[in-house]
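To keep things clear, I will list the structure first and then write my remarks on it.
For the numbers below, each heavy atom of this structure counts, side chains included, while hydrogens, waters and symmetry mates do not. Naming: A, B, ... by sequence-line order, numbering from 1 per chain.
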Number of protein chains: 2
Amino acid sequence: MSDARDTLFRYLTLLQLIPRSPGRISTPVLKEKLAERGFHIDTRSLQRDLGQKLSTQFPIGCDDSQKPYRWYFDRAFQCHLPALDVPSALTLVLAEEYLKGLLPPVVVGQLTPHFNDARQLLDGMASNGLSKWARCVRAIPNGKALIPAELDEAIWQTVAEALLEQKAIDVMYLSRTSETEKPLTLHPQGIVSRHSATYLLAHVDGFEDLRQFALHRVKHAAFSQRAWQARDDFDIDRYIQSGAFGYRQGPDNVVLEAEIARPVAWLLQETPLSEQQTIEALPGSQWYRLTAQVPDDQQTLWWLMGMSTNVKVLAPSAWRETLKANAAQVLAHYQDTPDTCDMH
Amino acid sequence: MSDARDTLFRYLTLLQLIPRSPGRISTPVLKEKLAERGFHIDTRSLQRDLGQKLSTQFPIGCDDSQKPYRWYFDRAFQCHLPALDVPSALTLVLAEEYLKGLLPPVVVGQLTPHFNDARQLLDGMASNGLSKWARCVRAIPNGKALIPAELDEAIWQTVAEALLEQKAIDVMYLSRTSETEKPLTLHPQGIVSRHSATYLLAHVDGFEDLRQFALHRVKHAAFSQRAWQARDDFDIDRYIQSGAFGYRQGPDNVVLEAEIARPVAWLLQETPLSEQQTIEALPGSQWYRLTAQVPDDQQTLWWLMGMSTNVKVLAPSAWRETLKANAAQVLAHYQDTPDTCDMH
DNA sequence: AGTGCTGCGACAATGTAAGCCGCATAAAGC
DNA sequence: GCTTTATGCGGCTTACATTGTCGCAGCACT
């Protein structure tokens, strides 16, 4: 774009081209990339920019162990333009609280520079006003927080890049059934993060069918020589709804009718089950009548199950039956084995 | 800090001082803030920087309806130094997918410039390689996603700022019980986001006890004249664990023992319930034996309830009894009202 | 040893930044 | 209605910064 001889803008472009610390970029490559963007400058100028101007003002490092020097940004550095405002910073902190329970630590770690920036800003305020933000913001996750699966940082990076740049990858995969590591060549098609585990959707080289690979069972990943095989008919939403992750779901919504206890009524008034939802008080009791259009999926059924005695489902009858059968089965479980092991 | 006469650095500082669009900053104020940071420049230079240099290269606007001109950044603009890498961008997209179901739209909206940045980067890649990132990344939330409560942007901003800068606020609050709006003066102490609703912990002016205020029931908020009342004995974690959000929890962990079905065993092997967890196959069946140290809280109990027939709890006996009683009660519910309304 | 790549110091020509001044405009005060 | 004050803006000048060029020095590879 701009071939304006603006030095400021060239500096900024330069700063944007230097990757964060695990990454590196060499001087000649930088020169080339700058040229691509319309900055045709002499190598010497670039060297001066890096070595004398930028590296004195920014946390920029230089790996001079090999001759085309490699430049990189400090791992923790982050700078936003415009600067973060207070509400945004607080939102970031909240977001981090939530995400820590949802994504593998490494993946959240990918964003630490951003979160650090927010924390720094809030800490800075704290030093004046003494508001200890860390002590006044919490996120309570939805449902039981399982511990996110461990995941190697390099693997996440490789897989993410392969998926987006449409490359095939060679992996060592620890099969769930056989407990042995197998080398595979995969053609990534999608990533699904469910609860606390993250899965790669891909098909194995030479095969046509799509399979799921838990990322934390990938032990090694590298870009492959093989060309990436496309599947243009692939639709991730259709794939998920087809039941691949245990969330089989009818194509249409169903109308849920139920009687709900007062606390549940309050909850649903504030955070509704769906856009179409009505709640009416049932005269002469603490109960309410709920009607809502909800998806016909496992999630909703689980939610109803968790509400246990606080919700009486009236329709659809299939759910009613499922819940009833479930309760009967659970009860049977516990009556089969009487409480001989009571430890009280 | 740096009184280095570096123009680049001054430009950057300047850019950081200009707020995003709802915000505005006037030229004299900018001059003052720059001086605070060690940049003592002539007003004329500042004017030139803004009007001729920056505003041609950046999406910066100027409100010249009143005489000290007011400057602001384009609402959607975001620039990171160093630029986002591909894995980070993908992580941001994933994070947004999750957060959309967890935080009020307005709060997530606070971060849209960040997410936009990521999307832009990925879109840029797509135009080359045609990898439609939007079609290959999904997050499946944990548990039933209720619709996050509506919340006004200005209210979130006011509350966040008040909390962090320790100011009291005047609000109009829609009481849950009386259905009427009441004016209150609050002294914010904390924010808790639970599931899809966000609560302000504060005490009412003149009272000592802490109360929760659902942010979506706050209809109006403004900074108050009154001085903020501190409560230095306040500990948000203790407050939550004391049961304030329906998550009463014993102080100690308990040892959960249970028999679990094969799919659950797989799930827990990948995303454990806790750090201390063992799973052993039970010979001659598809069942496994689980032992885990878990917190004694409602969440865990709910999770067990949701697993229904796939988990048979052996200990602690209190949970066993609870689950059993629950099942009995649910069953009773449905048998009280026989299936006369079956619609099949 | 020769060749090519890279980094670096020096230098001169060019370009630019920034203070200063004066003028124009608009709002506030008398 | 006129002055005062605050701000924006164009132009001028100078000191200073930027940048291409050159020469030299390591270093790797041949």
Nucleotide C:dC8, atom C1' - distance to CG of A:Asp42 in whole Å: 13 Å
A:Ser45 side-chain proximity, nearest of C:dA17, D:dT7, D:dT19: D:dT19
Spacing between B:Leu50 atom CG and D:dC9 atom C1', to the nearest angstrom: 13 Å
Nucleotide nearest B:Lys67 when distance is taken to its side chain, options C:dT25, C:dA18, C:dC8: C:dT25
Phosphate OP1/OP2 of D:dT18 contacted by A:Lys53 side-chain N/O (<4.0 Å): yes
Sidechain N-carboxylate O distance under 4.0 Å for A:Glu150, A:Lys219: no
Enclosure of A:Arg48 CZ (heavy-atom neighbours >12, cutoff 6.0 Å): yes
Spacing between A:Leu8 atom CG and C:dT16 atom P, to the nearest angstrom: 13 Å
Euclidean distance, atom CG of residue A:Asp63 to atom P of C:dG7 [Å, nearest integer]: 12 Å
Candidates C:dA18, D:dG20, C:dC8 - which lies nearest the side chain of A:Tyr69: C:dC8
Nucleotide of C:dG9, D:dG10, C:dG19 approaching B:Arg44 most closely (side-chain heavy atoms): D:dG10
Sugar-phosphate only, base, or nothing, as touched by B:Lys31 at under 4.0 Å among non-hydrogen atoms: nothing
Minimum-distance nucleotide to A:Gln47 side chain [options: D:dT7, D:dT19, C:dC8]: C:dC8
Pairwise 5' ranking along DNA chain D for B:Arg48 and B:Thr27, keeping only the more 5' one: B:Thr27
Between A:Thr91 and B:Trp156: side-chain donor-acceptor atoms closer than 3.5 Å: yes
Nearest-angstrom distance from the residue atom CD1 of A:Ile41 to P of C:dG15: 17 Å
Nucleotide of C:dA26, D:dG10, C:dA18 approaching B:Gln52 most closely (side-chain heavy atoms): D:dG10
Cationic N near anionic O, under 4.0 Å, A:Arg20 to B:Asp85: no
Interatomic distance, A:Leu46 CG vs C:dC8 C1' [rounded to whole Å]: 14 Å
Length of the line joining A:Gln66:CD and C:dG7:P, which is rounded to integer Å: 11 Å
Main-chain N/O of A:Cys62 paired with A:Arg24 side-chain donor or acceptor, under 3.5 Å: no
Rounded distance in Å - CG (A:Asp64) to P (D:dC27): 11 Å
